[in-house]
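Working notes, structure below.
Position 1 is the first residue of the sequence, and the numbers go up from there.
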Amino acid sequence: MKIKRFLKWSSLAILLILFAWFEFAYWTSTNDCDQKTGAPTHPMKAIRYCEYGPPDEVLKLEQVEKPVPNDNQILVRVRAVSLRFYDGGMLEGGVGRLIFGLRKPKNTTPGSDFSGTVEAVGRNVTEFKPGDEVFGVRAGALAEYICVTASRAVVSKPANVNFEQAASIPTALVALQGLRDTAHLKAGQKVLINGASGGVGTFAVQIAKSLGAEVTGVCSTHNVDLVKSLGADHVIDYTEADYTKSDQRYDVIYDLVNNRSFVERRRVLKPGGICILAGVGGSGMRKETFFNLAGSLTAALRSKFSKEKFVMFGVDINKKDLGVLRDLTESGKIAPALTKTYPLTETAAAYNYLETGHASGKIAITIE
């Protein structure tokens, strides 16, 4: 009886501690929006959001202080920013509050994948000089200027693409690392890409081809021509056919949608094949998003007991792989499938389009 009483009160104590921690973390979660700093001395334009909510309600174009680079940073005049699938979710909050701030967003300027021109360099920087064109990843990119640590995720821009296209390239890290490092895709193997017309999918088709694979893309009728133009050997229109009911077998399934069961996908994998769980069905948070995520987690667990593996992976944003993507772009092996651009003043419209969950290719915001 004493043990039962001890366990009971211990459990209650733990719950109370967790509740108190959550309340403290929630009410102390804040940002700099309420700080009255007066008019900026050196103003620049930036998109800001101080509260979670729909793009039309929370995104504001404001004048803020222009940043100054430290000794190890470069100051970049941002020319374009591309949107990632999770960007809309950052605005809405949801489960993302655990990462971005429980009550209010900690980082009040959205966007991360950028391209632009080096304006100034810190005194320890030797790799870049003013006037260099660059692209990379840096939180808070939807602004006229950002400071980026030179040794981190920023590299020279390929000369054969414009700024909007260059800002789209970092998305390809998901495809590169998923196919090359997790699937270990080899020349001659057969790979199916489910969600081949999306931001990551369009890069996955091209990277798989650059690795020498035979590529089958799955997309809607509207996007068949786009996927073919990217080099796919075969394209399945999911409104006309179900790839899981085909007689074809694949060494790798690169799944950005996760709208099929473990058994269905395992059926079309070759013995010992691998399914890369790389997405949950487009951008935005919809009711099917949680079902698809749950399906991914379940499939990954079930595959522990089968020859065919279902694997989730985390993306490593690093300078080396950005350089690989730059080289692939310069050689013509990959080309960003940029389908829509918006000016900075229409950022909310860009987010609204992203949140439909049916955007093909990449979306970029230009900053003049």
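Exactly one of L338, I365, I363 qualifies for a side-chain contact (heavy atoms from CB on, under 4.5 Å) with E164. That residue is L338. The side-chain contact (heavy atoms from CB on, under 4.5 Å) with I236 is formed by just one residue from the set V224, N194, L192; it is L192.
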*Please assess D237 against T221 for the test side-chain hydrogen bond (donor to acceptor under 3.5 Å, both in side chains), listing each intermediate value before the final yes or no.*
CA-CA 6 Å; D237 178 351; T221 307; 2.4 Å; yes
*Apply the test side-chain contact (heavy atoms from CB on, under 4.5 Å) to residues I367 and R77: give CA-CA distance (whole Å), side-chain angles for both, the deciding distance (0.1 Å), then the verdict.*
CA-CA 9 Å; I367 304 175; R77 168 69 170 90; 3.8 Å; yes
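Two different hydrophobic clusters hold L301 and V311 under the rule that ILVMFWY side chains link at heavy-atom gaps under 4.5 Å. Cluster membership check: I47 does not share its hydrophobic cluster with Y145, using side-chain heavy-atom separations under 4.5 Å among Ile, Leu, Val, Met, Phe, Trp and Tyr.
Taking CZ from R180 and CG from L185, the interatomic distance works out to 12.0 Å, rounded to the nearest 0.5 Å. From E119, atom CD reaches atom CD of E144 across 10.0 Å, with rounding to the nearest 0.5 Å.
In summary, K190 and D251 do not engage in a salt bridge, as defined by a charged side-chain N under 4.0 Å from a carboxylate O. The pair D327-K333 does not meet the salt-bridge criterion, since no charged nitrogen lies less than 4.0 angstrom from a carboxylate oxygen. Between R266 and E308, at least one side-chain N (NZ, or NE/NH1/NH2) sits under 4.0 Å from a carboxylate O, which counts as a salt bridge. Taking a cutoff of 4.0 Å between a charged side-chain nitrogen and a carboxylate oxygen, R84 and D87 do not qualify as a salt bridge. Using a 4.0 Å cut-off between charged nitrogen and carboxylate oxygen, E51 and K104 count as a salt-bridge pair.
Side-chain contact between L226 and C219: absent, with no pair of heavy atoms (C-beta onward) separated by less than 4.5 Å. Using a 4.5 Å heavy-atom cutoff, the side chains of Q63 and K45 are in contact. Side chains of I169 and R326 form no contact here, defined as non-hydrogen atoms less than 4.5 Å apart.
For Q177 against D321, the heavy-atom pair with the smallest separation is NE2-OD2, 3.0 Å.
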